[in-house]
*Asks:* 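Here it is, the structure, as structure tokens.
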Number of protein chains: 2
Amino acid sequence: MQLAHVQDRFEAFLKEKGLRHTPQREGIVNSAFATTEHFTADELWDRARRHDASTSRATVYRTLSLLVESGLLHEIDLGKENKHYDPNFLDHPDHNHLICTDCDKVVEFEDDHINLLEDCITRRLGFKPTRKMIRIEASCDELKRFGACSRNREKEPSCEIEE
Amino acid sequence: MQLAHVQDRFEAFLKEKGLRHTPQREGIVNSAFATTEHFTADELWDRARRHDASTSRATVYRTLSLLVESGLLHEIDLGKENKHYDPNFLDHPDHNHLICTDCDKVVEFEDDHINLLEDCITRRLGFKPTRKMIRIEASCDELKRFGACSRNREKEPSCEIEE
DNA sequence: GTTTCTGCAAAGGTTTTGCAACAAA
DNA sequence: TTTGTTGCAAAACCTTTGCAGAAAC
């Protein structure tokens with residue numbers, strides 16, 4: 001995802017709603033989309049303060065709401081206590097999450113069949129799908145078989161898309 | 001679900017862990033499984049106090065943890081701010097939730113195809129599935145077409161299983 | 001010049017915890 | 001009698017909000 005593209009879309013969103021472009025909002029958006037990693041509100045606050053130490057927690061929360069409302073960011077439930085935010089829906093609008101109960105890592109995946117099936121089920125029940133989410137908790141095969149899990153040794157972001 | 005069966009299983013769980021059977025715990029379990037409806041911790045507290053007015057919020061939270069740990073109750077995320085609990089997993093271990101964005105009602109559904117597909121995807125990614133959840137947010141067809149939604153007029157519990 | 005935005009601190013809401021009295025086994 | 005449990009109140013935690021000053025347009 002090009003950061004510039006996100007910035008453009010967010011500015012368009014602000015303009016459309018008669019809201020203002022501020023350096024704080026820009027800094028927070030940049031922090032949110034700097035990597036593909038998921039984050040909590042507090043983690044985003046930390047990142048944003050590295051660029052502008054005066055950024056307040058309140059502004060982070062307020063900007064997060066705007067980002068979710070604009071559709072740029074999605075709120076996701078990883079089964080942890082607090083809310084996580086996912087910046088990868090622009091590139092992969094229909095992805096889902098697999099959470100490893102051993103590695104504690106999150107693997108994003110896409111699957112056309114499951115999308116289609118969800119659509120069918122929803123229509124059969126008399127509804128029109130608007131938003132779908134799948135969360136799978138799973139244990140690592142590799143760990144069970146070889147006593148170690150390669151994912152644990154990785155330094156890369158935990159949320160690459162696999163197919 | 002026979003309430004007696006739940007009570008038995010919960011007592012077995014307590015015994016196994018060296019925990020005690022108390023009237024408060026019994027009352028909370030009865031309240032949780034009195035209907036098939038989902039509930040929040042506070043709603044459960046209300047119900048439990050109808051039977052024993054002295055039941056404290058703290059004990060409700062502590063008992064909820066035990067019920068989830070024992071597998072009798074599942075924590076679910078309905079997209080609302082707080083956690084909801086679902087007592088229907090004993091009868092329907094693999095059910096999922098469709099949340100109507102118009103009616104605000106929750107329809108539970110099961111589908112073998114989607115279960116199988118989730119399993120395949122998980123194994124393909126190198127994992128062994130332990131817990132899967134699907135949440136679909138959808139709008140009501142009936143409402144869109146006829147200007148009214150029959151679900152809104154229903155008084156029945158909102159979480160019947162449909163196939 | 002208006003109107004919105006910010007940071008701060010306080011308040012809100014939910015969940016957890018320390019503790020002394022109490023109750024189950 | 002021992003050990004776990006309860007209710008209470010306080011604390012912890014995350015998120016929202018009221019407000020006065022600052023900044024965008």
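Worth knowing before you read on, the calculation uses all heavy atoms, side chains too, and leaves out hydrogens, waters and symmetry mates. In what follows, chains are A, B, ... by sequence order, proteins preceding strands, each numbered from 1.
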*Asks:* How many whole angstroms separate atom CD of A/E11 from atom P of C/dC5?
*Replies:*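 That distance rounds to 14 Å.
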*Asks:* What integer distance in Å separates B/K80:NZ from C/dT14:P?
*Replies:*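 Between P of C/dT14 and NZ of B/K80: 14 Å.
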*Asks:* May I have the distance from A/K83 (atom NZ) to C/dT15 (atom P), rounded to whole angstrom?
*Replies:*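 One finds 12 Å between P of C/dT15 and NZ of A/K83, rounded.
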*Asks:* So, is A/T59 close to the C/dG7 phosphate, meaning a side-chain N or O under 4.0 Å from OP1 or OP2?
*Replies:*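 Checking C/dG7 against A/T59, a side-chain N or O does come within under 4.0 Å of OP1 or OP2.
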*Asks:* Report the nucleotide, chosen from C/dG7, C/dT15, C/dC5, that has the shortest atom-to-atom distance to any side-chain atom of A/T22.
*Replies:*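 The closest nucleotide is C/dC5.
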*Asks:* Using the side-chain heavy atoms of B/R20, tell me which of these nucleotides is nearest: D/dT3, D/dG7, D/dG18.
*Replies:*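 That would be D/dT3.
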*Asks:* Looking at A/D102 and A/S139, would you say the former's side chain and the latter's main chain have a donor-acceptor pair under 3.5 Å?
*Replies:*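 No, A/D102 side chain to A/S139 backbone: no donor-acceptor pair under 3.5 Å.
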*Asks:* To the nearest angstrom, how far is A/H84 atom NE2 from D/dT15 atom P?
*Replies:*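 Whole-Å distance recorded here is 10 Å.
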*Asks:* Among D/dT15, D/dT6, C/dC5, find the nucleotide with the atom closest to the side chain of A/L19.
*Replies:*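 The nucleotide sitting nearest to the side chain is C/dC5.
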*Asks:* What is the distance, to the nearest angstrom, from the CZ atom on A/F10 to the C1' atom on C/dC5?
*Replies:*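 Rounding to the nearest Å, CZ of A/F10 and C1' of C/dC5 are 12 Å apart.
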*Asks:* Would you say the side-chain atoms of A/H95 pair up with the backbone N or O of A/H92, donor to acceptor, closer than 3.5 Å?
*Replies:*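 Yes, because the side chain of A/H95 sits within donor-acceptor range (under 3.5 Å) of the backbone of A/H92.
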*Asks:* Provide the closest heavy-atom pair for A/F39 versus A/A32 in the form atom of the first, atom of the second, distance.
*Replies:*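 Looking at all heavy atoms of both residues, the shortest contact is CE2-O, 3.4 Å.
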*Asks:* Check the distance between D/dC25's C1' and A/K17's NZ and give it to me in whole angstrom.
*Replies:*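 Those two atoms, NZ and C1', are 19 Å apart.
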*Asks:* Considering just the side-chain nitrogens and oxygens of A/Q24, establish if one lies under 4.0 Å of OP1 or OP2 belonging to C/dC5.
*Replies:*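 The answer is no; no side-chain N or O of A/Q24 sits under 4.0 Å from OP1 or OP2.
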*Asks:* To the nearest angstrom, how far is B/N82 atom CG from C/dG13 atom C1'?
*Replies:*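 Spelled out: CG on B/N82 to C1' on C/dG13 is 9 Å.
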*Asks:* In whole Å, what is the span from the CD atom of A/E75 to the P atom of D/dC14?
*Replies:*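 Distance, rounded to whole Å: 15 Å.
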*Asks:* Quick check: is A/Y85 connected to A/L3 through a chain of hydrophobic side chains (ILVMFWY, heavy atoms under 4.5 Å apart)?
*Replies:*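 Cluster IDs for A/L3 and A/Y85 match.
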*Asks:* Can you work out whether B/A58 or A/V60 has the more 5'-proximal nearest nucleotide on DNA chain C?
*Replies:*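 Nearest-nucleotide comparison on DNA chain C picks A/V60.
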*Asks:* Less than 4.0 angstrom between a side-chain N/O of A/R62 and OP1 or OP2 of D/dT15, yes or no?
*Replies:*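 Negative; the distance criterion is not met.
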*Asks:* Determine the minimum heavy-atom distance between A/L78 and A/I99, stating which atoms define it.
*Replies:*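 Nearest heavy atoms, A/L78 then A/I99: O-CD1, 3.3 Å.
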*Asks:* Report yes if at least one side-chain N or O of B/Y61 is closer than 4.0 Å to OP1 or OP2 of C/dT16; otherwise report no.
*Replies:*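 Checking B/Y61 against C/dT16: no side-chain N or O falls below 4.0 Å of OP1 or OP2.
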*Asks:* When we call it a touch if two heavy atoms are under 4.0 Å apart, what does B/T55 touch: a base, just sugar-phosphate, or nothing?
*Replies:*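 Here B/T55 touches the backbone only, sparing every base.
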*Asks:* Using a heavy-atom cut-off of 4.0 Å across all strands, would you classify A/S54 as base, sugar-phosphate, or nothing?
*Replies:*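 Counting heavy atoms under 4.0 Å across all strands, the contact made by A/S54 is with sugar-phosphate only.
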*Asks:* Which nucleotide sits closest to the side chain of A/R57: D/dG7, D/dT15, C/dC8?
*Replies:*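 Nearest to the side-chain atoms of A/R57, counting from C-beta on, is D/dT15.
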